[in-house]
Amino acid sequence: MPQYGVPLGRDGRRYTAPPMAGDLSGKVVVLGLDGATWDLLRPLAERGVMPNLAQALERGRHGGLESCLPPYSSPAWVSIATGKSPGTHGIFDFWEAGAPGEKRLVSSHSARGAKLWDLVDAAGKVANVVAVPVSFPPARLEHGRFVCGMFTPGEDVDYTWPHELKAELKAIPGGYEADPFALGLEGLEFIEQTQFWIRQQEIAVRRLLDKGDWDLLFTVIQAPDPLQHKFWNVLDPTDPRFDAARAADELEPLEESYRRCDQVIGDRLAMAERGATVLIVSDHGFGRFEKLFFINRALEEYGLLTRSGGTPGISRSGLSTRTVIDAIRRLDVLGLEKRVPTSVRERLARGIDSALSQPIDAEQTIGYAAAASAESVFIADWVPEDERREVGRCVIDVLEAARDPETGERIIEHAYLREDVYDGSELHRIPDVLIDFGERPYTASDRLAAGGIVERIPDAAGGGRHRRTGVILALGPGIAAGELTGARIVDVAPTALHAMGLAVPDDMDGRVLTELFSDGREVRTEPGRARDAEEEVVYTEEEEAAIEQSLKNLGYI
Ligand SMILES: [Zn+2]
């Protein structure tokens with residue numbers, strides 16, 4: 001039998017949750033492990049660090065879970081919660097799309113469409129939701145309970161529903177915080193902090209479940225994501241930069257953090273044995289990266305971007321867009337390796353003499369990366385609608401032609417026009433060109449420095465970044481052990497609804513993973529209830545700044 005409960009930290013105390021009593025048939029449990037990847041989890045299960053996961057892998061159906069593009073936590077968790085892709089729910093990044101330099105942090109109000117917990121609640125069932133990212137302000141469920149997670153702006157705000165729940169969580173020995181990793185701790189202190197909060201959160205989860213009967217439990221453990229951002233070259237022995245000296249100090253405590261995750265998996269495995277359907281999922285995968293790719297610098301080299309006060313690469317004044325496109329084409333994009341100086345590039349070079357990041361000249365810029373996480377390019381507003389596709393293709397040519405000066409290898413795997421990846425009513429809210437680095441060891445930056453297009457990051461930074469393929473592991477009655485292929489993050493919500501016996505709204509982009517279930521029950525659908533994003537100011541400027549700082553501390557941006 002799996003173990004129950006989550007042990008306390010190095011002080012040796014142990015929290016032992018009593019096993020869930022009774023029959024849990026019809027209940028659905030979603031356990032999110034932010035950023036979890038089989039590349040790390042499988043070896044940890046095999047080495048005995050995650051014994052409950054090893055059991056779960058033997059009993060459950062498991063495979064990769066395809067995330068959105070680019071695979072950022074915010075849009076990915078919203079996709080998991082809504083069953084919709086970014087083109088439909090409208091969240092693409094940590095910030096809502098806007099003009100360059102303009103940004104507003106995403107909140108639970110930014111996303112279009114009902115969330116899994118809203119649908120469960122509307123069906124008269126009880127949802128318990130804890131620490132799902134991008135869920136602040138809390139959902140006011142009629143039957144359920146809600147605790148916000150990442151992006152909760154401090155401890156003074158109301159982040160639970162019902163309101164009184166917050167005081168109860170605060171009274172847990174050791175305390176409770178909704179977004180505890182904002183402090184900016186590093187090294188061993190940070191690792192121990194993750195251990196502590198995995199346990200505190202699990203105590204909170206049990207408090208909610210003890211309040212009465214329930215139908216959905218949806219919780220997310222955030223820790224794997226920042227741990228992997230900070231410690232990838234300690235966690236992954238196959239990383240060429242594997243840091244043996246750091247590993248001697250840090251690997252054991254890191255494994256303890258994963259052991260804590262494993263205890264939670266054990267708890268959920270026990271729920272599956274009592275009849276619940278359990279879906280263990282991650283919002284995206286993870287892998288190493290070694291270098292930053294300065295997208296705006298690459299665009300600048302081809303005259304597609306001009307910084308403020310700089311000399312326009314291709315002056316817009318007096319030119320039709322057609323002429324501009326032709327000029328871009330003449331830049332001999334694929335000749336980048338040859339470094340043939342064109343007159344345009346020579347003129348540009350005179351404008352690039354500052355090591356400081358500078359604002360761009362929006363009037364003289366055709367494409368720019370503006371998202372802080374930046375794996376995308378916006379086409380300037382002034383480009384006419386009927387020419388945006390072709391301009392977008394030019395941007396794609398430039399990005400796909402970019403070569404790492406150190407290796408001569410291409411930097412990105414592919415770039416796509418947004419409409420070739422997504423459709424939906426919110427397509428206009430996401431950037432025009434989306435970048436996929438694949439397995440290549442780069443991540444994007446929108447910084448406009450004077451140096452080259454690529455910069456190596458120090459090994460001490462840890463060097464983990466998101467990948468497109470996360471994990472899914474399904475457990476429960478009628479779910480046979482084995483491999484699962486082709487699952488996507490948008491499939492989680494419809495599958496959870498189906499497992500609860502509820503109808504699936506027909507406006508979800510995902511599908512029920514019917515291959516999981518042996519009962520042959522037909523999928524019921526119902527008309528989706530459109531729900532607009534709410535144009536409400538959720539965060540103060542100070543709160544946004546604090547959350548941005550914590551995202552930096554955690555390695556998300
Ligand atoms: Zn994530």
Side-chain angles (χ1 to χ4, degrees), residues 30-41 64-82 85-86 89 91-95 105-108 110-111 115 129-136 148-152 178-182 190 194 197-198 201 218-232 235-236 257-258 261 264 279-289 371-376 434 436-437 443-444 462-473 487-490 492-493 547-548 550-557:
V30 180
L31 171 61
L33 299 173
D34 201 312
T37 166
W38 291 127
D39 289 348
L40 287 187
L41 292 189
L65 189 65
E66 190 188 87
S67 188
C68 46
L69 182 73
Y72 300 144
S73 298
S74 291
W77 283 116
V78 173
S79 286
I80 288 173
T82 59
S85 49
H89 63 57
I91 305 281
F92 166 76
D93 193 358
F94 296 110
W95 289 274
L105 198 70
V106 295
S107 73
S108 62
S110 317
K115 319 257 185 359
V129 181
V130 178
V132 179
V134 205
S135 64
F136 180 84
C148 301
M150 190 180 172
F151 290 155
T152 298
D179 192 1
F181 300 129
F190 180 74
T194 63
W197 290 111
I198 292 169
Q201 184 175 307
F218 188 166
T219 66
V220 175
I221 302 178
Q222 192 194 339
D225 190 297
L227 287 174
Q228 291 160 194
H229 277 299
K230 291 170 186 284
F231 301 96
W232 185 266
L235 286 162
D236 176 13
S257 295
Y258 285 87
C261 296
V264 181
L279 301 170
I280 299 173
V281 297
S282 68
D283 52 336
H284 49 77
F286 241 91
R288 80 187 159 93
F289 85 99
S373 26
E375 288 169 30
S376 59
L434 306 175
D436 182 3
F437 286 105
T443 195
R465 82 159 169 84
H466 297 182
R467 292 286 193 279
R468 192 93 189 264
T469 308
V471 305
I472 182 166
L473 196 166
R488 301 167 302 156
I489 51 174
V490 288
V492 175
I547 291 171
E548 180 168 355
S550 91
L551 286 171
K552 283 183 183 149
N553 294 341
L554 294 171
Y556 284 90
I557 55 172

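One-based numbering, in listed order, for ligands and for the atoms of each.
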Can you sort out the partners of W232 under side chain to side chain donor-acceptor pair (under 3.5 Å), two or more places apart, ordered by chain and number? D236
Of all N, O or S atoms in D225, which has the smallest distance to the Zn ion (ligand 1)? OD2
Need the atom name: nearest N/O/S atom of D283 to the Zn ion (ligand 1). OD2
Assign the ring pair H466 / H284 to parallel, tilted or perpendicular, where the plane angle (0 to 90°) is split at 30° and 60°. parallel
Has H284 got an N, O or S atom lying less than 2.8 Å from the Zn ion (ligand 1)? yes
Please report the shortest heavy-atom distance between Q201 and A131, naming the atom on each side. OE1-CB, 3.5 Å
Taking N, O or S atoms only and a limit of 2.8 Å, check whether Q222 reaches the Zn ion (ligand 1). no
Using side chain to side chain donor-acceptor pair (under 3.5 Å) as the criterion, list what pairs up with R468, not counting sequence neighbours. none
By atom name, which N, O or S atom of D34 is the nearest to the Zn ion (ligand 1)? OD1
Closest non-hydrogen atom pair, I80 against A493: O-CB, 3.4 Å
